[in-house]
Amino acid sequence: MPASILEEVDHLLGAVSTRRTSTRLNCPSCGSAHVAQVLGDNGGISYVCTACGHSWS
């Protein structure tokens with residue numbers, strides 16, 4: 001158990017920033033982080049870059 005509330009807040013903020021960076025996708029074409037997840041034709045998952053329009057699965 002942390003010794004203070006500030007230690008607990010630091011621990012929680014560290015977990016959030018780790019989770020955000022580990023799941024972020026970048027466009028393989030332009031490197032932008034503006035990526036949307038879309039449903040593919042056969043029910044699979046595809047991605048599209050909203051910056052350059054590149055799509056991939």
Side-chain angles (χ1 to χ4, degrees):
M1 181 160 182
S4 72
I5 188 89
L6 293 177
E7 286 180 27
E8 181 66 17
V9 169
D10 286 341
H11 172 72
L12 292 173
L13 289 176
V16 168
S17 70
T18 300
R19 189 175 337 141
R20 283 185 186 158
T21 57
S22 65
T23 58
R24 184 171 294 153
L25 289 173
N26 290 334
C27 174
S29 182
C30 72
S32 173
H34 297 278
V35 175
Q37 186 177 6
V38 294
L39 208 54
D41 291 337
N42 296 324
I45 301 297
S46 295
Y47 304 95
V48 64
C49 176
T50 57
C52 74
H54 178 74
S55 62
W56 71 98
S57 53

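All residue numbers in this chain count up from 1 along the given sequence.
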side-chain contact (heavy atoms from CB on, under 4.5 Å) evaluation trace for S29 with C49:
CA-CA 9 Å; S29 182; C49 176; over 6 Å; no

Applying ring-ring contact (aromatic ring centres under 6.0 Å, His included), name anything that partners H54, two or more places apart in sequence or on another chain.
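Partners of H54 under the ring-ring contact (aromatic ring centres under 6.0 Å, His included) test: W56.
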
What's the separation between atom CG in L25 and atom NE2 in H34, rounded to the nearest 0.5 Å?
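With rounding to 0.5 Å, CG (L25) is 13.0 Å from NE2 (H34).
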
Residues two or more places apart in sequence or in another chain: which of them pass side chain to side chain contact (heavy atoms under 4.5 Å, CB included) with I45?
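So I45 forms a side chain to side chain contact (heavy atoms under 4.5 Å, CB included) with Q37, L39, Y47.
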
Tell me, please, which residues at least two apart from S55 pass side chain to side chain contact (heavy atoms under 4.5 Å, CB included).
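If we apply the side chain to side chain contact (heavy atoms under 4.5 Å, CB included) test to S55, skipping adjacent residues, the hits are V48.
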
